[in-house]
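Note that the numbering runs from 1 along the sequence shown for the chain. Hydrogens, waters and symmetry mates play no part in the numbers below; they use all other heavy atoms, side chains included.
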Amino acid sequence: TSLLLMAGIMVTVGLCRRLTRRRLRAHQRLCTFLLEMFSTFQICACTNELCLLGNVEPKPHTALTLTYGFTVLHGLTLTGSTCNPCGTLQPMWGGGISVKMGGLKVGAQFVAAVLARVFMHFIWSLEMAEPHFGALSQGCSNPMQTTEMQAFCIELLFSVVFQLTILRVESINPKYKVHLIALLITMLVYAGGNLTGAIFNPALAFSLHANCFYDKFLSYSLVYWIAPSLGKFLILYVF
C-alpha cells in the first residue's frame with residue numbers, strides 16, 4: 001500500500017508539472033513557483049512515507065533499497081527542479097537567477113514542505129496500511145540521536161560532500177549521474193541516518209520534523225537549516 005501511495009504521488013505530480021508547463025508557459029514566475037512546489041511536494045511526501053518504512057525487515061536493507069530506488073525515480077522525473085533551498089543558492093551566487101526568483105523558489109519549497117506534511121497526516125489518519133497505525137501519535141520523532149554539536153558537524157559534512165559531488169558530476173551523462181547521486185545519498189543515509197537522519201535539506205527537514213522545530217526551534221534550525229546552508233556556502237566560496 002505504501003509503495004502504491006508513493007507511486008500515485010509521483011504520477012499525480014508528473015501530470016501537474018506537465019499541465020503547468022503547457023498552460024502557464026507565458027507566466028514565468030507562476031510557472032516556476034508551481035513547478036518547484038510540485039517537485040518538492042513529491043520528495044517531501046514520499047520521504048515522509050519512507051520514514052515509516054524504516055523498521056521494515058530486513059533492516060536496514062529494505063529502507064536503503066527504497067531510498068536508492070526512489071531517489072533515482074525523483075532524479076529522473078523532477079529534472080529542472082532543485083527541491084532544496086541550499087541548491088537554489090548556487091545559481092543565485094553565480095548570477096544564473098535573480099535574488100527575487102531564488103526567493104520565489106525557496107518560498108515554493110517551504111510551502112510544499114508544509115502541504116506535504118498536512119497531506120501525509122491526512123493519509124495516515126485513514127490508516128490504509130499497517131505502518132500508518134499510530135503514526136500521528138508520534139509527535140516529534142527527534143531525529144537527533146547525538147549531541148547538538150556533533151549533529152551540526154554531521155549535517156555540515158554531509159552537505160559539503162553532497163554539494164561537492166553535485167558540482168563534480170555536472171558533465172556526466174544524466175542517465176548515469178542520477179544513479180551516482182542516488183548511491184551517494186543512500187551511503188550518507190546509511191552512515192548518519194541513525195544520528196541525524198542525514199537530511200541536509202532545510203525544506204525536507206521542516207516537512208519531516210516540523211513539531212521538533214516548534215519545540216526546540218534554535219537547536220533544530222542550527223542543525224537542519226544553518227549547517228546545510230553553511231556547507232553550501234563553503235563549497236561556493238572554495239570552488
S.K.: Should Met101 and Thr32 count as side-chain neighbours, where that means a heavy-atom distance under 4.5 Å?
M.R.: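 In short, these two side chains touch, coming nearer than 4.5 Å.
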
S.K.: Do you know which two heavy atoms are closest between Thr67 and Thr71, and how far apart they sit?
M.R.: O-OG1, 2.5 Å

S.K.: Test side chain to side chain contact (heavy atoms under 4.5 Å, CB included) on Met144 and Tyr220 and set out the steps.
M.R.: CA-CA 9 Å; Met144 281 198 295; Tyr220 282 87; 3.9 Å; yes

S.K.: Distance-only criterion, 3.5 Å: show the donor-acceptor pairs between side-chain atoms of residues 221-228 and protein atoms not counting sequence neighbours.
M.R.:
residue, atom, partner, partner atom, Å
Ser221, OG, Phe217, O, 2.7
Ser221, OG, Leu218, O, 3.1
Tyr224, OH, Thr196, O, 2.6
Trp225, NE1, Pro202, O, 3.2

S.K.: Following the transitive rule for hydrophobic clusters with a side-chain heavy-atom cut-off under 4.5 Å over Ile, Leu, Val, Met, Phe, Trp and Tyr, establish whether Phe152 and Leu234 coincide in one cluster.
M.R.: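 Both belong to a single hydrophobic cluster.
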
S.K.: Name all residues meeting the side-chain hydrogen bond (donor to acceptor under 3.5 Å, both in side chains) criterion together with Glu130; count only those two or more places apart in sequence or in a different chain, and write none if there are none.
M.R.: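 Result, side-chain hydrogen bond (donor to acceptor under 3.5 Å, both in side chains) vs Glu130: none returned.
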
S.K.: On a heavy-atom basis, which atom in Arg117 and which in His209 lie closest, and how many Å separate them?
M.R.: NH1-N, 4.4 Å

S.K.: Phe162: which residues meet the ring pair (Phe, Tyr, Trp, His ring centres under 6.0 Å) condition with it, sequence neighbours left out?
M.R.: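 Applying ring pair (Phe, Tyr, Trp, His ring centres under 6.0 Å) to Phe162 gives Phe200.
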
S.K.: Taking ring pair (Phe, Tyr, Trp, His ring centres under 6.0 Å) as the test, write out the residues that go with Phe41, two or more places apart.
M.R.: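 For Phe41 the ring pair (Phe, Tyr, Trp, His ring centres under 6.0 Å) partners, ignoring immediate neighbours, are Phe119.
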
S.K.: List the atom pairs, with distances to 0.1 Å, where a side-chain N or O of residues 58-65 and a protein N or O form a donor-acceptor pair under 3.5 Å, not counting sequence neighbours.
M.R.:
residue, atom, partner, partner atom, Å
Thr62, OG1, Glu57, O, 3.4
Thr62, OG1, Pro58, O, 3.2
Thr65, OG1, His61, O, 2.7

S.K.: Could you tell me which non-hydrogen atom of Leu188 sits nearest to which non-hydrogen atom of Ala198, and how far apart they are?
M.R.: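 Nearest pair, atom of Leu188 first, then Ala198: O-CB, 3.5 Å.
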
S.K.: Would you say Leu230 and Val161 are hydrophobically clustered, going by side-chain heavy atoms of ILVMFWY under 4.5 Å?
M.R.: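 Different hydrophobic clusters.
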
S.K.: Once ring pair (Phe, Tyr, Trp, His ring centres under 6.0 Å) is applied, do any residues pair with His27, and if so which ones, sequence neighbours excluded?
M.R.: none

S.K.: More than 12 heavy atoms of other residues, nucleotides or ligands under 6.0 Å from CE of Met187: yes or no?
M.R.: no

S.K.: In a table with atom names and distances, give each donor-acceptor pair under 3.5 Å that connects a side chain of residues 172-180 to protein atoms at least two apart or in another chain.
M.R.:
residue, atom, partner, partner atom, Å
Asn173, OD1, Lys175, N, 2.9
His179, ND1, Tyr68, OH, 2.9

S.K.: Output all residues satisfying side-chain contact (heavy atoms from CB on, under 4.5 Å) with Thr82, sequence neighbours left out; order by chain, then residue number.
M.R.: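 Thr82 satisfies side-chain contact (heavy atoms from CB on, under 4.5 Å) with Glu36, Thr88, Gln109 once adjacent residues are dropped.
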
S.K.: What heavy-atom pair brings Ala116 and Ser207 nearest, and what distance separates the two atoms?
M.R.: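 Nearest heavy atoms, Ala116 then Ser207: CB-OG, 4.0 Å.
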
S.K.: List in chain and number order the residues that pass side-chain hydrogen bond (donor to acceptor under 3.5 Å, both in side chains) with Thr147, two or more places apart in sequence or in another chain; answer none if no residue qualifies.
M.R.: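 side-chain hydrogen bond (donor to acceptor under 3.5 Å, both in side chains) list for Thr147, sorted by chain: Gln150.
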
S.K.: Group every Ile, Leu, Val, Met, Phe, Trp and Tyr by side-chain heavy-atom contacts under 4.5 Å, then state whether Val189 and Leu183 land in the same group.
M.R.: no

S.K.: Under a 3.5 Å distance rule, please check whether Asn201 uses its side chain to pair with a backbone N or O of Cys83 as donor and acceptor.
M.R.: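 Answer holds: yes.
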
S.K.: Give the C-alpha distance, both sets of side-chain angles, the deciding distance and a yes or no for side chain to side chain contact (heavy atoms under 4.5 Å, CB included) between Cys51 and Leu208.
M.R.: CA-CA 9 Å; Cys51 287; Leu208 293 176; 3.9 Å; yes

S.K.: Quick one: closest heavy-atom pair of Leu52 and His132, and the distance?
M.R.: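 Closest approach of Leu52 to His132, heavy atoms only: CD1-CD2, 3.8 Å.
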
S.K.: Taking side-chain hydrogen bond (donor to acceptor under 3.5 Å, both in side chains) as the test, write out the residues that go with Lys232, two or more places apart.
M.R.: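 Gln90, Gln163.
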
S.K.: Could you see if Ile199 belongs to whatever hydrophobic cluster contains Ile154? Use Ile, Leu, Val, Met, Phe, Trp, Tyr and a side-chain cutoff under 4.5 Å.
M.R.: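 Ile199 does not cluster with Ile154.
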
S.K.: Return a table of donor-acceptor pairs under 3.5 angstrom between the side chains of residues 2-21 and protein atoms on other chains or two or more places apart.
M.R.:
residue, atom, partner, partner atom, Å
Ser2, OG, Glu49, OE2, 2.6
Thr12, OG1, Gly8, O, 2.8
Arg17, NH1, Ser39, OG, 2.4
Arg17, NH1, Ser81, OG, 3.0
Arg17, NH2, Thr79, O, 3.1
Thr20, OG1, Cys16, O, 2.7

S.K.: Taking the side chain as every heavy atom from C-beta outward, state whether Leu78 and Phe38 have any pair of such atoms under 4.5 Å apart.
M.R.: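 Heavy-atom side-chain distance check fails, nothing below 4.5 Å.
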
S.K.: Which atom pair, heavy atoms only, marks the closest approach of Ile43 to Leu204?
M.R.: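 So the minimum-distance heavy-atom pair works out to O-CD1, 4.3 Å.
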
S.K.: Heavy-atom count around Gln28 CD within 6.0 Å, excluding the residue itself: above 12?
M.R.: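 Result for CD/Gln28: open.
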
S.K.: Identify, with sequence neighbours excluded, every residue that meets side-chain hydrogen bond (donor to acceptor under 3.5 Å, both in side chains) alongside Ser98.
M.R.: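 So Ser98 forms no side-chain hydrogen bond (donor to acceptor under 3.5 Å, both in side chains) with any residue.
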
